[in-house]
*Asks:* 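Sharing a structure below in structure tokens format, with a few things to ask.
Chain letters run A, B, ... following the sequence lines, proteins first and then strands; every chain starts at 1.
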Number of protein chains: 2
Amino acid sequence: MEFSSKLLEKAVNEMAQLPGIGKRTALRLVLHLLKQPKEQTRFLTEAITTMREEVKFCRSCHNISDNDVCEICANTKRNQQIICIVEDIRDVMAIENTGQFRGIYHVLGGKISPIEGVGPSQLNINTLVEKVKSGSVSEIIFALSSTMEGDTTNFYIYKQIQECDIITSTIARGISVGDELEYADEVTLGRSILQRVPFEKFFKNN
Amino acid sequence: MEFSSKLLEKAVNEMAQLPGIGKRTALRLVLHLLKQPKEQTRFLTEAITTMREEVKFCRSCHNISDNDVCEICANTKRNQQIICIVEDIRDVMAIENTGQFRGIYHVLGGKISPIEGVGPSQLNINTLVEKVKSGSVSEIIFALSSTMEGDTTNFYIYKQIQECDIITSTIARGISVGDELEYADEVTLGRSILQRVPFEKFFKNN
């Protein structure tokens with residue numbers, strides 16, 4: 001792609017570093033900013049810069065927070081003994097949106113993935129193990145995605161806390177609500193049948 | 001969408017102002033920046049800010065340029081008498097990539113669109129008409145998209161320069177190279193037949 005301006009080219013190249021943004025999309029975004037008042041660009045860059053420089057991570061669960069301890073961990077109405085382990089803060093937001101979970105979270109910041117060079121030491125695993133070993137936890141819920149990396153990470157953590165006297169569970173896998181059975185993959189459908197729940201329980205949850 | 005941090009929320013909201021970027025995508029982009037070194041965010045915001053503040057538009061063709069006159073207009077090897085009228089600078093880049101045009105451009109900056117509140121006065125039409133009336137132009141090529149807005153804009157400009165002694169042409173419409181005839185729409189296929197070219201000409205261009 002040939003640019004008529006070096007400034008434009010540089011802005012497009014930087015924008016195209018973002019995931020899922022190719023050069024064409026980057027050009028469209030940058031040209032959009034050019035058509036808008038200068039303030040919009042200033043608001044955007046200031047918001048990103050401030051966020052990047054000043055955002056904090058909760059020292060208990062590693063969720064993004066404006067304070068040292070996030071609102072969820074600081075909420076005394078939540079059950080601090082049940083910890084849901086998730087990959088990143090988007091998962092926290094997704095589970096919070098369901099309104100079904102009243103415990104707290106632990107954000108790992110990724111999954112163990114040798115291919116991408118992510119080992120256990122790069123993830124927030126040690127703080128979790130310490131918390132469990134301190135005896136303040138009664139249940140751990142594994143809520144990582146069910147990929148090979150997710151399963152590996154689950155298993156690695158499980159091994160470390162195996163000897164502690166706590167309940168460990170994993171979120172249910174099965175057919176999505178509203179999905180047709182015939183289009184489900186075999187593994188999911190198989191798990192759906194193996195892990196079937198009493199019909200009365202289904203009634204209560206609905 | 002509930003955010004655990006006001007700073008994050010603000011950054012996501014600003015990012016989601018960009019066209020085609022929803023809140024989910026914005027969140028993904030912002031979280032990506034958080035995982036990267038702080039420099040990447042600095043490079044990005046600096047590149048965008050500098051571009052927005054310092055970029056110039058060629059005073060002859062209104063293309064984006066680092067100088068007062070863009071490289072294409074300043075190039076004496078190009079035929080300054082043939083002007084290709086395009087909607088925005090992406091079209092300049094697209095035509096330049098073909099390597100088939102050796103004239104200069106005129107970037108309108110949009111199309112006449114009453115629905116979106118864009119009238120002739122918001123577009124770079126006057127400078128074009130002046131240029132044509134000054135007698136320095138021999139041919140005008142209309143290269144706007146063939147939508148109602150594009151046709152309206154073409155016609156508006158044509159009316160203004162009608163009395164000048166110049167050639168006016170419009171880019172050919174027809175079946176795309178490599179496309180199957182059966183999938184083409186009727187209007188395109190119809191134009192393809194009406195505006196057929198001598199077979200020898202086809203040979204020469206390939």
*Asks:* Hey, which of A/T50, A/V92, A/L18 has the most heavy atom pairs under 4.5 Å with chain B?
*Replies:* A/L18
*Asks:* Would A/L44 and B/M15 satisfy side-chain contact (heavy atoms from CB on, under 4.5 Å), going step by step from the backbone distance to the final call?
*Replies:* CA-CA 6 Å; A/L44 171 67; B/M15 198 70 115; 4.0 Å; yes
*Asks:* At a heavy-atom separation under 4.5 Å, does A/Q36 approach chain B through its side chain, its backbone, both, or neither?
*Replies:*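 Backbone only.
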*Asks:* I'd like to know whether CD of B/Q162 has more than 12 heavy-atom contacts from other residues, nucleotides or ligands below 6.0 angstrom.
*Replies:*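 For B/Q162, atom CD is crowded (more than 12 foreign heavy atoms under 6.0 Å).
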*Asks:* Out of curiosity, A/L29 CG to B/I48 CD1, how far, rounded to the nearest 0.5 Å?
*Replies:*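 Nearest 0.5 Å value for the CG-CD1 distance: 8.5 Å.
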*Asks:* May I ask you to check whether over 12 heavy atoms, not counting those of B/Q195, lie within 6.0 Å of atom CD?
*Replies:*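 Yes, because the 6.0 Å sphere around CD of B/Q195 holds more than 12 heavy atoms from other groups.
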*Asks:* What's the shortest heavy-atom distance between B/R28 and A/P19, and which atoms?
*Replies:*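 Closest heavy-atom pair between B/R28 and A/P19: NH1-O, 3.5 Å.
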*Asks:* Identify which of A/V12, A/I89, A/N13, A/N97 forms the greatest number of heavy-atom pairs closer than 4.5 Å to chain B.
*Replies:* A/I89
*Asks:* Heavy-atom cut-off 4.5 Å, strictly under: side chain, backbone, both or neither for A/S4 against chain B?
*Replies:* both
*Asks:* Report yes if some heavy atom in the side chain of A/M51 is under 4.5 Å from a heavy atom in the side chain of B/V30; otherwise report no.
*Replies:* yes
*Asks:* Atom NZ of B/K56 and atom CG of A/L7: how far apart are they, to the nearest 0.5 Å?
*Replies:*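 B/K56 atom NZ to A/L7 atom CG measures 9.0 Å (nearest 0.5 Å).
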*Asks:* Minimum heavy-atom separation for A/P37 to B/R52, with atom names?
*Replies:* C-NH2, 3.9 Å
*Asks:* Which residue out of A/D88, A/T25, A/L27 racks up the most heavy-atom pairs below 4.5 Å with chain B?
*Replies:*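 Top count of heavy-atom pairs under 4.5 Å with chain B: A/L27.
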*Asks:* Quick check on A/L33 against chain B: is it the side chain, the backbone, both or neither that has a heavy atom closer than 4.5 Å?
*Replies:*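 Both parts, backbone and side chain.
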*Asks:* Please classify the contact of B/Q40 with chain A as side chain, backbone, both or neither, using a heavy-atom distance under 4.5 Å.
*Replies:*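 Its backbone and side chain both get close to chain A.
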*Asks:* By a 4.5 Å heavy-atom criterion (distance strictly below it), what part of B/L31 contacts chain A: side chain, backbone, both, or neither?
*Replies:* side chain
*Asks:* Heavy-atom pairs under 4.5 Å with chain B - which of A/Q17, A/R42, A/E96 has more of them than the others?
*Replies:* A/Q17
*Asks:* Looking at B/E14 and A/A47, what are the two nearest heavy atoms and their distance?
*Replies:*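 Nearest heavy atoms, B/E14 then A/A47: CG-CB, 3.8 Å.
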*Asks:* Only heavy atoms, only distances under 4.5 angstrom. Which residues in residues 60-87 of chain B are near chain A?
*Replies:* B/N63, B/I64, B/S65, B/D66
*Asks:* If you draw a 6.0 Å radius around CD in A/E116, do more than 12 non-hydrogen atoms from other residues or ligands fall strictly inside?
*Replies:* no
*Asks:* How about residues 133-144 of chain B versus chain A: which residues have heavy atoms under 4.5 Å apart?
*Replies:*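 So far as heavy atoms go, nothing in residues 133-144 of chain B approaches chain A to under 4.5 Å.
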*Asks:* I need the residue from A/K10, A/E2, A/R24 with the largest number of non-hydrogen atom pairs under 4.5 Å to chain B.
*Replies:*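 That would be A/E2.
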